[in-house]
Amino acid sequence: LKGKGFDISAAGDLDKRLAFDAQVGDLGLLIPQTAGEFRADGWVRWHDGRLDGSLTGRGRNLAAGGVRVAAASLAARLGEGKGYPLHVTATLRKAAYEEFQAESVTLEADGTALRHALNAALNATGAEARITLSGAYDSGSWQGQIVRFSGRDRVGLWSLAAPAALSIAGGHVTLAPLVLTGAAPERIEVSGEFTRAPLGGTVRTAWSGLNLVRLNPWLTEVRVGGAS
């Protein structure tokens, strides 16, 4: 399959191994309101009612929905064993959303298709953050917890006070109170509910003693200071 800005090919037997390769020179020609270049290759197999496969991908100058990424790489493997063993890694370079930025973002998912853990590492100049989510997917919903959310910067360390419940179901996201603490008396609590259609939601926050300088490594242009 070949068209303006893209070339997709596949060869093989799905019962044994169907290999594929896709090259997209201009993502905007395939998906409106996006931009960038992307290439992916891998294979997929459907044998005795079981699915497995592998995928690698690379992208440059990607943009969609306010997100901008200078370079991206992806590797994913789905096994045919019990529960469909899953391993996914992704790396983003110079990622930004609106006024927020990160020099690099690394994502790793391990477990099975239904029960898994996701680790994210974000790095900016003089700052870093680590996030771990653990949960399970069942009947169209994902239920889990944010079990780690911590980081460091020039001000000092900050971390999650206790695991926070997170639920995603039918375009509805619910976050139970998430509490972060830093150097005393720094404390922030966030909870909320969000819906995709219609787009909306509520966010509840409470904070004290926050050193706003902590935000600067993650901002593209604006600089802030003081305490709140």
*Closest non-hydrogen atom pair, L86 against A113*: CB-N, 4.2 Å
*Can you get from V190 to Y97 by hopping between Ile, Leu, Val, Met, Phe, Trp and Tyr side chains that sit under 4.5 Å apart?*
yes
*For residues E103 and T125, determine if any side-chain heavy atom of one lies less than 4.5 Å from a side-chain heavy atom of the other.*
yes
_Over all atoms of both residues, closest heavy-atom pair of Y84 and G79_ = CD2-O, 3.1 Å
*Any side-chain heavy atom of R45 sitting closer than 4.5 Å to one from E80?*
yes
*Without swapping roles, check the side chain of D13 against the backbone of D15 for a donor-acceptor pair under 3.5 Å.*
yes
*Please report the shortest heavy-atom distance between L18 and A10, naming the atom on each side.*
CD1-CB, 4.4 Å
*For W158, which of L210, L180, I188 qualifies under side chain to side chain contact (heavy atoms under 4.5 Å, CB included)?*
L180
*Verify whether one side chain among Q143 and S167 offers a donor that lies under 3.5 Å from an acceptor in the other.*
yes
*Any chance CG of D138 has more than 12 other-residue heavy atoms, nucleotides or ligands included, within less than 6.0 Å?*
no
*Answer yes when R77 and D110 have at least one side-chain N-carboxylate O distance shorter than 4.0 Å, and no when they do not.*
no
_Spatial distance of atom CZ (F38) from atom CG (D26) [nearest 0.5 Å]_ = 14.5 Å
*Co-membership, hydrophobic cluster, residues W142 and L178, 4.5 Å side-chain*: yes
_According to a hydrophobic-cluster definition based on side-chain heavy atoms being under 4.5 Å apart (Ile, Leu, Val, Met, Phe, Trp, Tyr only), do L157 and V155 belong together?_
no
*Write down the atom of T195, the atom of P198, and the distance for their closest heavy-atom approach.*
OG1-O, 2.7 Å
*Does CZ in R154 sit with more than 12 non-hydrogen atoms of other residues, nucleotides or ligands closer than 6.0 Å?*
no
_Looking only at the side chains, is there a donor atom on one of N119 and T132 sitting less than 3.5 Å from an acceptor on the other?_
yes
*Establish whether L160 and V179 are linked, either directly or via other cluster members, by ILVMFWY side-chain heavy-atom contacts under 4.5 Å.*
no
*Of the non-hydrogen atoms in P177 and E189, which two are nearest, and what is the gap between them?*
CB-OE2, 3.7 Å
*Any idea which heavy atoms bring L107 and A120 closest together, and the distance?*
CD2-CB, 3.5 Å
*Go through the side-chain N and O atoms of T202 and E193 and say whether any donor and acceptor fall under 3.5 Å apart.*
no
_Side-chain heavy-atom pair V203, F194 within 4.5 angstrom cut-off_ = yes
*List the steps, then state whether side-chain hydrogen bond (donor to acceptor under 3.5 Å, both in side chains) holds for T220 with E99.*
CA-CA 5 Å; T220 56; E99 300 301 322; 2.9 Å; yes
*Option among V147, T174, V173 that satisfies the side chain to side chain contact (heavy atoms under 4.5 Å, CB included) test with L166*: V173
*Nearest 0.5 Å please: distance from the CG atom of L27 over to the CD1 atom of I31.*
4.5 Å
*What distance separates F100 CZ from L122 CG, expressed to the nearest 0.5 Å?*
12.5 Å
_R115 CZ: over 12 foreign heavy atoms closer than 6.0 Å_ = no
_We want to know whether T91 and R93 form a side-chain donor-acceptor pair, criterion being a heavy-atom distance below 3.5 angstrom._
no
*Would you say S191 and R204 make side-chain contact, with heavy atoms under 4.5 Å?*
yes
*Indicate, with yes or no, if I8 and L29 share a hydrophobic cluster defined by side-chain heavy-atom contacts under 4.5 Å among Ile, Leu, Val, Met, Phe, Trp and Tyr.*
no
*Lys/Arg N to Asp/Glu carboxylate O, E37 vs R39, below 4.0 Å*: no
*Just how far is it from atom NZ of K16 to atom CH2 of W43, taken to the nearest 0.5 Å?*
14.5 Å
*From W207 CH2 over to R187 CZ, what is the distance, rounded to the nearest 0.5 angstrom?*
13.0 Å
*Look only at the side chain of N216 and the backbone of L219, and say whether a donor-acceptor pair between them is shorter than 3.5 Å.*
no
*asked:* Looking at Q33, I want to see if its CD is surrounded by more than 12 non-hydrogen atoms of other residues, nucleotides or ligands under 6.0 Å.
replied: no
*asked:* Counting C-beta onward and ignoring hydrogens, is there a side-chain heavy-atom pair between L55 and L74 closer than 4.5 Å?
replied: yes
*Separation of K94 NZ from Q101 CD (nearest 0.5 Å)*: 8.0 Å
*Short side-chain to backbone donor-acceptor contact, R130 and G151, under 3.5 Å*: no
